Amino acid sequence: QILASDLMRNYKGAFILMDSNSGDILALASFPEFNPEIFLPKIALSEWTRLNRDTQRPLLNRGINGTYMPGSIIKPLIGLALLENGMQTSATAECEGAARVGNTIIKCWNWKYGGHGEIDFYDAIKDSCNVYFIQKGKELGLDKICKTLHAAGFGSKTGIDLPESKGIFPSREEKKRRFNENWNEYDTALLCIGQGIILITPIQAVVYTSAIANGGKILKPNILKEVKNNSNILFKKGAPELKGMITDQPKLLEHVKKGMFEAVNHERGTARKAKNSKIILCGKTGTAEVGKGENKLKNTWFIGFGEKNNRTYSICVLIEEGMSGGATAAPIASEFFEKYFETQ
């Protein structure tokens with residue numbers, strides 16, 4: 001927890017480390033933060049007013065109450081949905097730098113370089129190809145995509161023993177409620193790259209990352225290790241709690257893992273800056289644009305997992321107003337593991 005806090009101190013965002021097989025939360029950091037000692041014995045009204053008026057929102061626990069568009073960290077889930085519905089990993093798409101959706105163009109991140117060319121499932125995850133997931137996701141359709149997103153826990157509270165947000169789940173009803181418009185193909189295209197009508201929390205992201213790592217189990221995040229009474233007798237002990245399964249075809253997760261492994265470990269993988277000398281990671285970066293015009297900014301993500309000393313770790317790093325997931329969030333994960341395992 002101390003190390004996570006030190007690494008996040010100069011950022012606005014959240015850092016979560018979770019045991020993928022037990023659900024134990026090993027670190028949960030949110031920044032900017034505040035000193036909880038000011039609440040003892042009673043916080044001064046002036047201090048309470050200052051905290052609430054602070055535009056940096058230090059009272060918001062970004063890890064469990066901050067809601068964000070996931071950007072490309074949704075692509076492993078879109079990939080899983082495609083495989084669950086019969087697509088083969090050999091299925092390819094031609095990326096020329098942009099996808100046409102009706103009369104609109106959605107660019108791939110490397111459109112300036114002419115796109116990725118012909119690309120298959122594994123390389124689409126490694127290279128984070130927008131065109132691949134838009135083309136295949138449009139063919140699959142909203143309902144089948146949402147079935148997988150729901151199984152992953154999106155739109156639902158994780159069950160952590162703290163107040164949390166459930167985010168915003170993409171649906172026809174949600175668009176009608178928010179904009180009084182019908183869902184269309186463009187909305188599906190945006191969803192396939194983690195933008196548009198969808199918001200998730202970092203705790204939801206790390207829970208679904210853990211499910212990919214552990215063979216499909218959606219676990220309740222557990223912050224309680226044990227409770228003892230005054231006589232030091234164990235009263236209650238935290239235990240893994242299964243909330244559901246991310247898929248009923250867990251073997252398909254091996255294909256998703258392979259793409260995420262390449263994203264970190266291939267020399268051109270978009271998450272390569274998460275690579276470190278202490279633990280072999282599978283991962284995925286994400287960059288979600290929010291705002292318009294001069295107020296446009298990027299929220300950046302890295303999710304990943306790896307096994308070390310008979311324990312599988314899942315990590316989520318969310319940095320508001322970053323450059324990109326690969327440039328901003330992934331290096332924090334790398335530095336964390338380099339330093340963390342120096343002491344293990």
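Because the structure is a prediction, the values reported are computed rather than measured. The analysis underlying the following values was restricted to heavy atoms, covering all of them including side chains, and did not include hydrogens, waters or symmetry mates.
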Would you give the length of the straight line joining atom [atom1] of [X] to atom [atom2] of [Y], rounded to the nearest 0.5 angstrom?
{"X": "Lys138", "Y": "Asp187", "atom1": "NZ", "atom2": "CG", "result": "12.5 Å"}
{"X": "Asn52", "Y": "Glu47", "atom1": "CG", "atom2": "CD", "result": "10.5 Å"}
{"X": "Ser30", "Y": "Met8", "atom1": "OG", "atom2": "CE", "result": "7.5 Å"}
{"X": "Phe15", "Y": "Gln1", "atom1": "CZ", "atom2": "CD", "result": "9.0 Å"}
{"X": "Ile145", "Y": "Leu77", "atom1": "CD1", "atom2": "CG", "result": "10.5 Å"}
{"X": "Phe179", "Y": "Lys176", "atom1": "CZ", "atom2": "NZ", "result": "13.0 Å"}

For the side chain of [X] and the backbone of [Y], is there at least one donor-acceptor N/O pair under 3.5 Å apart?
{"X": "Ser72", "Y": "Lys75", "result": "no"}
{"X": "Asn65", "Y": "Ser165", "result": "yes"}
{"X": "Asn214", "Y": "Ser20", "result": "yes"}
{"X": "Thr247", "Y": "Pro250", "result": "no"}
{"X": "Lys308", "Y": "Lys278", "result": "yes"}
{"X": "Asn222", "Y": "Gly238", "result": "no"}
{"X": "Thr201", "Y": "Gly66", "result": "no"}
{"X": "Asp127", "Y": "Cys129", "result": "no"}
{"X": "Asn309", "Y": "Arg311", "result": "no"}
{"X": "Arg62", "Y": "Ile319", "result": "no"}

Using only heavy-atom distances, determine whether the side chains of [X] and [Y] contain a donor-acceptor pair under 3.5 Å.
{"X": "Lys284", "Y": "Ser128", "value": "yes"}
{"X": "Lys217", "Y": "Asn21", "value": "no"}
{"X": "Gln204", "Y": "Thr158", "value": "no"}
{"X": "Glu307", "Y": "Thr312", "value": "no"}
{"X": "Ser314", "Y": "Thr209", "value": "no"}
{"X": "Trp183", "Y": "Thr188", "value": "yes"}

Taking all heavy atoms of [X] and all of [Y], pick out the closest pair and write down the distance.
{"X": "Gly63", "Y": "Ile16", "value": "O-CD1, 3.8 Å"}
{"X": "Arg172", "Y": "Asp143", "value": "NH1-OD1, 2.8 Å"}
{"X": "Asn276", "Y": "Ser334", "value": "CB-OG, 3.6 Å"}
{"X": "Ala329", "Y": "Trp301", "value": "CB-C, 3.5 Å"}
{"X": "Met245", "Y": "Gly215", "value": "CE-O, 4.0 Å"}
{"X": "Ile200", "Y": "Ala205", "value": "CD1-CB, 4.1 Å"}

Quiz prompt | Residue pairs involving residues 86-115 (criterion ring pair (Phe, Tyr, Trp, His ring centres under 6.0 Å); sequence neighbours excluded) | solution = Trp109-His116

Student check: side-chain heavy atoms of [X] and [Y] closer than 4.5 Å:
{"X": "Glu338", "Y": "Ser277", "result": "yes"}
{"X": "Leu199", "Y": "Met69", "result": "yes"}
{"X": "Tyr208", "Y": "Ile303", "result": "yes"}
{"X": "Phe337", "Y": "Leu17", "result": "yes"}
{"X": "Ile74", "Y": "Leu191", "result": "yes"}
{"X": "Phe31", "Y": "Tyr11", "result": "no"}
{"X": "Lys298", "Y": "Ser324", "result": "no"}
{"X": "Ile203", "Y": "Glu164", "result": "yes"}

Self-check item: Worked check of side chain to side chain contact (heavy atoms under 4.5 Å, CB included) between Leu7 and Glu335
Solution: CA-CA 8 Å; Leu7 291 175; Glu335 186 175 0; 3.4 Å; yes

Verify the neighbour count for atom [atom1] of [X]: are there more than 12 heavy atoms of other residues, nucleotides or ligands below 6.0 Å?
{"X": "Lys157", "atom1": "NZ", "result": "no"}
{"X": "Lys275", "atom1": "NZ", "result": "no"}
{"X": "Ile280", "atom1": "CD1", "result": "no"}

Practice problem: Kindly state whether the ring of Phe336 and the ring of Tyr313 have centres lying under 6.0 angstrom apart. | Solution: no

Practice problem: Would you please indicate yes or no on a ring centroid separation below 6.0 angstrom for Phe261 and Tyr122? | Solution: no

Quiz item: Leu80, Leu82: one ILVMFWY side-chain cluster at the under-4.5 Å cut-off?
Solution: yes

Exercise. I would like to know whether Phe34 and Phe39 meet ring-ring contact (aromatic ring centres under 6.0 Å, His included); could you show each step before the answer?
Key: CA-CA 10 Å; Phe34 61 91; Phe39 284 86; 5.8 Å; yes

Practice problem: Evaluate the criterion salt bridge (charged side-chain N to carboxylate O under 4.0 Å, His left out) for residue pair Glu226 and Lys236; output intermediate values, then yes/no. | Solution: CA-CA 6 Å; Glu226 60 186 22; Lys236 183 178 181 181; over 6 Å; no

Quiz item: Do the charged groups of Glu33 and Arg9 touch, with an N to O distance under 4.0 Å?
Solution: yes

Exercise. Could you give me the CA-CA distance, side-chain angles and deciding distance for Tyr68 and Glu320, then say whether side-chain hydrogen bond (donor to acceptor under 3.5 Å, both in side chains) is met?
Key: CA-CA 9 Å; Tyr68 308 89; Glu320 297 180 17; 2.7 Å; yes

Quiz item: Going through the distances and angles, do Arg272 and Glu267 end up as a salt bridge (charged side-chain N to carboxylate O under 4.0 Å, His left out)?
Solution: CA-CA 7 Å; Arg272 62 189 178 275; Glu267 62 181 6; over 6 Å; no

Exercise. Verify side chain to side chain contact (heavy atoms under 4.5 Å, CB included) between Ile168 and Glu174, making sure each step is shown before the conclusion.
Key: CA-CA 8 Å; Ile168 292 177; Glu174 185 65 29; 3.8 Å; yes

Quiz prompt | Step-by-step side chain to side chain contact (heavy atoms under 4.5 Å, CB included) determination, Ile38 to Leu51 | solution = CA-CA 11 Å; Ile38 62 176; Leu51 285 172; 3.6 Å; yes

Quiz prompt | Residue pair Trp48, Leu59: steps toward the side chain to side chain contact (heavy atoms under 4.5 Å, CB included) verdict | solution = CA-CA 10 Å; Trp48 177 244; Leu59 291 175; 3.9 Å; yes

Practice problem: Let me see the working for Lys220 and Asp161 under salt bridge (charged side-chain N to carboxylate O under 4.0 Å, His left out), right down to the final yes or no. | Solution: CA-CA 9 Å; Lys220 174 188 173 182; Asp161 295 319; 3.2 Å; yes

